[in-house]
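Heads up, the thing below is written out as C-alpha cells.
Ligands are counted one by one from 1 in listed order, and the atoms in each one are counted from 1 as well. We're numbering straight along the sequence, starting at 1.
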Amino acid sequence: MGAETQTTDSRTDGAGARDTLSVTDNRTGRTYELPIVDGTVRGLDLRQIKVSDDDFGLMSYDPGYANVASCRSAVTYLDGEAGILQYRGYPIEQLAERSTYLEVAYLLIHGELPTTVQLEEWRHEITIHTFVHENVKDFMQGFWHDAHPMGMLLGSVGALSTFYPDANEIGDPENRYMQTIRLIAKMPTLAAFAFRHIKGQPYVYPDNDLNYAGNFLSLMYKMTELKYEPDPRLERALDVLFILHADHEQNCSTSAVRGVGSSRVDPYSAVAAGVAALYGPLHGGANEAVLRMLKRIERKENIPDFLKGVEEGKERLMGFGHRVYKNFDPRATIIKAAAEDVFEVTGARNPLLDVALELEKIALGDEYFIAHKLYPNVDFYSGLIYEALGLPVEMFPVMFAIGRTSGWIANWLEQVQDPEQRIARPRQIYTGDRDREYVAIEQRG
Ligand code: CMC
C-alpha cells in the first residue's frame, strides 16, 4: 500500500500552494493528486482510483446533477448566493430596464449587443420568418379541443424538423443560423395557434408591422378589426417577461436541449426536448401551479393553514425556492414591479395579488422558509401578469418557452461548436439483480 501521486497541470506558488486536490483512498491507503482547473476536478480523473486492477474505478454520484459542471459556457453568469444574473456579462436589471427581447436574443446568440444596423437586420430576419407552413395549421387542428397548449407547442416545434429536413446539417454555420432565426421567429406563432385552438378561434397570421411582443399580442387577441393595435405598456411588460425568461444557465430544460442536442440531432428536436422539460411543474409549469395554489388559498385568512401544510411536508409553496438562488431571485424583484404596471393598464387589480403579497410576507418571516433558504422565484408573480393579460393558466409555461427559446439556442450553438462536448451519457449505480436464470412462463409463481 504505497503512496501514489499523480500530478498533471499543477501550479506551485511561492507558499507551496498548488492547484490540485489530494485524495486518500482509505480502502487502499493510496493518495492521488488531481488537477483543479476552473474550480473543478475532472470526473474522469476519479476513475484511476481503484481497489484492484479489475475495479471499474471511482465515480461520483450526483442525482439531479447538483454539483456537476457539464459544460463550459460564456452565455449566462449566475451567482445564486449573491442573486446575480447576467447575460453575456450584462446585468439582468439593466437589460430588463433598457433593452428589448430581440436585442437580448441577439446578445445571447452572438455574444455582443448589436449596432443599430445589426439590430435592424436581425429584427428584419426574425420578422420575415414568423409565418409557418399552412400544413402546421392542419395538424394543429388534429389536437383535441382541450389539449394542453404546452403539449401542442412541444409537438409542433418538434414537427418543424420535418418541414426543414436540412436542419440536421448542424455542422454548417449558415444552416445553424437559418434554424436559429426560424425558431425565434416561429415560436410565438406556434404558441398563439395553440391558444387559438383551445379557444376554438380561427388562427391569425403574423403582422410584420408590429414588434415581437406586439405581433404576439395580435396573434393571440386579434378578432374582427382590420389591424390589431397593442397597448404599448402591455407590449413592454411582455417584452420584459421574455427578457427575464430568456436564459438561466444550465437549468433543467437547457440541460435537456444540450443533452438531446449532444446526439447531434437537429435543433427543432433538441428544442422540443427543452419544451418537454419546461412543461413539468417543478420547472416552467411552476407559474401555472402558483396560480392554481393562489386560487385554492383564495383569501388571506387561509394562508396560515396552507403554510402549516407546507411545513408538515404535505405540499410545496409553489413559486418559492430555487436550486441555485439561496437569497433572492433577481428576476422576482423585477417581475413584482411589472405586475403592478400591468394591473394599472388592465384596470382591475387581481385580488390574488394581495394573497400573493401576504403569502410572501408571512413566508419570508417564517422559520421553516428562513431555515430552508426559500425565497420567491421568477414564477411567483409572472402568473398574475399572464392572468391579467387574459391568458388561461395552461398558457403560462408556453409564455416561458417563447422567452427561453433564445437561451436554448444560444446554448445549443455553443454546444455543437465545443470540441470538448461528447454525447451525454451518464453512468449509474446498478441496484438490480444479476445473473438470474430465465424461468418459463408456466413455471412462474
Ligand atoms: N416549498 C416548501 N418546501 C420546499 C420548497 C417549497 N417550494 N422548495 C424546497 N423545499 C424544501 C424541501 O422540502 C427540502 O426540505 P428538507 O431538506 O427538509 O427535506 C429542501 O427545501 C430542499 O428542497 P429540494 O427539493 O431538495 O431543493 P431543489 O434544489 O432540488 O429544488 C425547486 C428546487 C425549485 C425544484 C424547489 O425549490 C421547488 O420545488 N420549488 C417549487 C416549484 C417552483 O417554484 N419551481 C420554479 C423554479 S424557478 C423557475 C425555473 O427556473 O424553472
Side-chain angles (χ1 to χ4, degrees), residues 61-68 75-81 83-85 87 92 150 241-258 273-294 296-297 303-336 356 359-360 362-386 393 396-408 411:
Y61 176 57
D62 189 356
Y65 310 133
N67 198 37
V68 170
V75 181
T76 288
Y77 175 75
L78 208 168
D79 179 340
E81 291 299 326
I84 296 173
L85 173 63
Y87 298 159
I92 190 67
M150 197 64 167
L241 280 169
F242 289 153
I243 292 172
L244 295 181
H245 285 96
D247 197 42
H248 210 235
E249 212 223 38
Q250 302 311 313
N251 56 89
C252 178
S253 57
T254 303
S255 301
V257 170
R258 279 183 174 260
V275 177
L278 197 63
Y279 201 167
L282 296 189
H283 192 11
N287 49 19
E288 180 177 344
V290 169
L291 215 82
R292 291 189 200 283
M293 175 190 78
L294 292 175
R296 198 155 45 87
I297 297 173
I303 293 174
D305 266 0
F306 170 78
L307 287 180
K308 196 160 162 270
V310 172
E311 286 172 30
E312 286 167 0
K314 291 187 188 137
E315 58 186 316
R316 286 198 165 199
L317 173 50
M318 301 311 283
F320 259 63
H322 200 275
R323 170 62 62 79
V324 181
Y325 296 120
K326 298 298 175 197
N327 283 315
F328 72 98
D329 179 341
R331 302 167 302 171
T333 319
I334 302 168
I335 275 199
K336 195 171 164 183
L359 187 54
E360 180 187 1
I362 299 180
L364 288 179
D366 185 293
E367 232 169 74
Y368 173 90
F369 294 92
I370 295 171
H372 286 80
K373 294 192 166 199
L374 298 170
Y375 298 85
N377 59 48
V378 68
D379 285 327
F380 194 66
Y381 287 103
S382 62
L384 288 165
I385 300 184
Y386 295 142
V393 284
F396 297 179
V398 172
M399 305 299 288
F400 193 154
I402 296 174
R404 186 54 58 87
T405 299
S406 52
W408 287 332
N411 275 274

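Residues His248 and Tyr325 place their aromatic rings such that the two centres sit under 6.0 Å apart.
Under a 3.5 Å cut-off, the side chain of Asp329 and the backbone N or O of Pro376 do not form any donor-acceptor pair. When atom types are taken as modelled, the side chain of Arg316 and the backbone of Gly321 share no donor-acceptor pair closer than 3.5 angstrom. Distance alone, capped at 3.5 Å, is enough to place a donor-acceptor pair between the Tyr87 side chain and the Ile243 backbone. Although no hydrogens or angles enter the test, the distance criterion places a donor-acceptor pair under 3.5 Å between the side chain of Asn327 and the main chain of Glu81. No side-chain donor-acceptor contact under 3.5 Å links Asp79 to the backbone of Ile84.
Residue contact annotation: Asp379 has a non-hydrogen atom under 4.0 Å from ligand 1.
In terms of polar-atom proximity, defined here as any N/O pair under 3.5 Å, Met318 makes no such contact with ligand 1. For a threshold of 3.5 Å applied to N or O pairs, the pair formed by Phe320 and ligand 1 contains at least one separation below that value. Residue contacts with ligand 1: His283 is placed with a nitrogen or oxygen under 3.5 Å of a nitrogen or oxygen of the ligand (distance criterion only).
The Arg323 neighbourhood of ligand 1 comprises atoms 28 (P), 29 (O), 30 (O), 33 (C), with distances under 4.0 Å to a heavy atom of that residue. Under a 4.0 Å criterion applied to the non-hydrogen atoms of Leu282, ligand 1 contributes the atoms 39 (O), 45 (N), 46 (C), 47 (C). Atoms of ligand 1 lying under 4.0 Å from at least one heavy atom of Ala286, given by number and element, are 43 (C), 44 (O), 45 (N), 46 (C). The ligand atoms of ligand 1 that sit less than 4.0 angstrom from a heavy atom of Leu317 are 1 (N), 2 (C), 6 (C), 7 (N). Each of the atoms 43 (C), 44 (O) of ligand 1 lies under 4.0 Å from some heavy atom of Gly319.
Considering all non-hydrogen atoms of both residues, Pro330 and Gly83 come closest at CG-O, 3.3 Å. When all heavy atoms of Leu241 and Ser382 are compared, the closest pair comes out as CD2-CB, 4.2 Å.
Atom 19 (O) of ligand 1 lies below 4.0 Å from none of the non-hydrogen atoms of the protein. For atom 27 (O) of ligand 1, no protein heavy-atom neighbour is found at a distance under 4.0 Å.
Closest to atom 34 (C) of ligand 1 among all protein heavy atoms lies Gly321 O, 3.7 Å. In this structure, the protein non-hydrogen atom closest to atom 2 (C) of ligand 1 is Val310 CG1, 3.5 Å. The protein heavy atom nearest to atom 36 (C) of ligand 1 is Arg316 NH1, 3.3 Å. Nearest to atom 14 (C) of ligand 1 among the protein's heavy atoms is His372 CD2, 4.1 Å. Among all protein heavy atoms, the one lying closest to atom 11 (C) of ligand 1 is Tyr368 OH, 3.6 Å. In this structure, the protein non-hydrogen atom closest to atom 47 (C) of ligand 1 is Asn377 ND2, 3.6 Å. Atom 4 (C) of ligand 1 has Leu374 CD1, 3.5 Å as its closest protein atom, hydrogens excluded (heavy atom only).
By the 6.0 Å contact criterion, CD on Glu312 is enclosed, its count of non-hydrogen atoms from other residues, nucleotides or ligands being greater than 12.
Neither the backbone nor the side chain of Leu278 has any atom closer than 4.0 Å to an atom of ligand 1 (non-hydrogen atoms only). With a 4.0 Å cut-off on non-hydrogen atoms, Phe380 does not touch ligand 1 at all.
Between Tyr386 and Phe396, the ring-plane angle classifies as tilted under the 30° and 60° cut-offs.
Checked against Leu85 for a side-chain contact (heavy atoms from CB on, under 4.5 Å), the options Val324, Ile92, Leu244 give a single hit: Ile92.
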